[in-house]
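Structure first, then comments.
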Amino acid sequence: MAPRIAVVPAPHGPGGRLQPLGEDGVPLGPPEQVADLAAAMAQREAAGRPRWVWAAADSAYAPLLPLRVARCHDLRLVEALLLGHEGAWGEPRSLGAAWARLRGLPVPADLPETGGAGGEEQDSLFAPDRLQLPPGTDQLTAVVAVHAEQLRRIALVEQPGLFRLLVAAESAGALLATEITYDGLPWRTDRHDRLLTDLLGPRPHIPGTQPKLLAELSVELQQALGSRPFNPDSHAQVLKAFADQGIRLSSTRVWELREIDHPAARLMIRYKELSRIHAAHGWAWQDAWARGGRFRPEYVVGGVVSGRWASRGGGALQIPRILRGAVVADPGWALVVADAAQLEPRVLAALSGDAGLARSAAEGDLYDALAASAFQGDRDKAKLGLLGAMYGQTSGDIGPLLATLRRKYPTAMGYVEAAARTGEEGGIVRSRLGRTCPPPSADWLDLTEAPETAGEAGGRSARARGRFTRNFVIQASGADWALALLASLRRRLTALSTGPDRPHLVFFQHDEVMVHTPVNLADQVVEAVAEAGEEARRLVFGDTPVRFPLSTAVVDCYADAK
DNA sequence: CGGGTTCGCGCC
DNA sequence: AAAGGGCGCGAACCCG
């Protein structure tokens, strides 16, 4: 049984080609043509769980679902990780681009990503020409060659062992993202409707017209300001309407409105809350994204430079709390919702090796422990100070808090400050597993000049880049941990059951996961989550006293999880 | 008219 | 001086 198998789907129809590879990427035999690719892969999967090597999950895996495979090597994602590590950020990462670099051919630019709005025109997404291979190039040949080259390059990075883990975890993320979109998040449109109706009034019969309560609020607002009708969605008109009452606003932000003691300010805030729900997650959203009892957004693995996932369409990573009542398990099923408690400060403790901070992160609530040992028990101060340190905050009253942290946790504070300094000086930083931040770009102006001569703008942009690299090491290492958690949890869920009623992940948001599971397996899923968290800690951070506890709830409805 | 930008909010 | 990092998205607005 080959440990790795290169796979290329046929451009049309269910067939494809396979070629067995050794651990070094060298072919163990000739290519094989199969008439039913999904069946052939399922058979080999059962025989020994190979690592499938393909150009990209959306072209090679998505069309084969509901097939499930355990492992893959996603050439496009790995190419991006390698290019970043090699200082070639922004170079095209398609199979065709990697092939062209390998062969000294002109490198094709990456095609713009196209959103999968609702699912039409998906065929063009899977077409081989999206891989950007030169005409006449054999795709399997390119897959095999680019893979072997990637294995060679991986061996050359600073810490190949950790980077291999990153490669495996990122690739597992690609499997999972494809599967989550396929399975969908359970979404009860009847509950969604009720929530909307309670807030906004009944669904308007004519699409595009304002719901009743929103329209009434708009009129009340105009009356409170004694003004002519104006559009509350227009910043300029709102500012003018308030100005006519002698209320000068520099913006229409909620925090600024909150400081105004006037009935119109309260109405304006309420209008903003409701109109946002209507615009972002109202009936139009439901029609586009949550049909058939499932919400199926498209996730973009590695879509954030820090390694966090991004999403395309439907605002998958911004489901407002108020709508979580619409996420309900199917009858006989449950939702297991788990989120990592205080992930980023724990990451800082583990990364920096600060003994004092690690003690606070060894068990229980990190901020409580921090408060007890450095802030006279004031948890708010402890939290504010530590978050400020990780984000590079300088404003407000947190100066004294930072000073306290610097005194009590010099190693941890030194770690983030060194990362900030590196960024300010134009350098690059990496996550624990080796994900690399982008180099300074035009966004940060010219950082090659000495700070004294770069002028005010140069100094400001250098500090902005410092805040970015300061936060990058933590956010990206947190993403490392979360990806390892996902990969481990996915494997453990597969071990619980592979039948049609298997537990499956339905949501992932930075430090939170949700599993939809038959009720009778819920306890085992809870256990699997805890084990996955511990495995991720061990793999990513090794020997550290820091713990990464997950708070887990078994619920019928997402709204009941916290 | 379509495309790009700004604002301001949702999530972590 | 309401100068903390990362995102996606919709409406208004601006421009050609």
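In this text the structure is predicted, and so the values were computed from the model without any measurement. In what follows, every chain begins at residue 1, and chains take the letters A, B, ... in the order their sequences are listed.
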Position toward the 5' end of DNA chain C (nearest nucleotide), A:Glu256 or A:Ala279: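 Per heavy-atom nearest nucleotide, the more 5' residue is A:Glu256.
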First encountered from the 5' end of DNA chain C, between A:Leu387 and A:Ser311: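 It is A:Leu387, whose closest nucleotide lies nearer the 5' terminus.
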Nearest-angstrom distance, C1' atom, B:dC9 to C:dA1: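 Taking atom C1' in both B:dC9 and C:dA1, they lie 22 Å apart.
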Same-atom distance (C1') from C:dG4 to B:dT5, integer angstrom: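 It comes out at 24 Å once rounded to the nearest Å.
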Only pairs under 3.5 Å count here: list side-chain donor-acceptor contacts from residues 381-408 of chain A, not counting sequence neighbours, and write none if there are none.
unit_1: A:Thr404; atom_1: OG1; unit_2: A:Pro400; atom_2: O; d: 3.0
unit_1: A:Arg406; atom_1: NE; unit_2: A:Glu417; atom_2: OE2; d: 3.0
unit_1: A:Lys408; atom_1: NZ; unit_2: A:Ser373; atom_2: O; d: 2.8

Separation of [X] atom [atom1] from [N] atom [atom2], in whole Å?
X	N	atom1	atom2	value
A:Asp397	C:dA3	CG	P	13 Å
A:Arg465	C:dG6	CZ	P	11 Å
A:Lys383	C:dG4	NZ	C1'	14 Å
A:Tyr299	C:dC7	OH	P	18 Å
A:Ile398	C:dG4	CD1	C1'	8 Å

Heavy atoms only, 4.0 Å cut-off, all strands: where does [X] land among base, sugar-phosphate and nothing?
X	answer
A:Gly388	base
A:Gly314	sugar-phosphate
A:Ser234	sugar-phosphate

Protein proximity profile, nucleotides 2-12 of chain B - base contact B, sugar-phosphate-only contact S, no contact -, cut-off 4.0 Å on heavy atoms: -----BBBBSB
Parallel, tilted or perpendicular: ring planes of A:Phe548 versus A:Phe541, cut at 30 and 60 degrees: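 Answer is parallel, since the angle falls under 30°.
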Any heavy-atom pair between the side chains of [Y] and [X] that's under 4.5 Å?
X	Y	answer
A:Asp233	A:Ser275	yes
A:Arg266	A:Ile269	no
A:Thr544	A:Arg537	yes

Greater than 12 external heavy atoms within 6.0 Å of A:Glu363's CD: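 Open.
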All ring-ring contact (aromatic ring centres under 6.0 Å, His included) counterparts of A:His278, not counting sequence neighbours: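 Partners of A:His278 under the ring-ring contact (aromatic ring centres under 6.0 Å, His included) test: none.
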Base C:dA2 paired with A:Glu259 side chain (donor-acceptor, <3.5 Å):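 Check passes, donor-acceptor contact within cut-off.
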Side-chain N,O (A:Asn231) to OP1/OP2 (C:dA12) below 4.0 Å: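 Yes.
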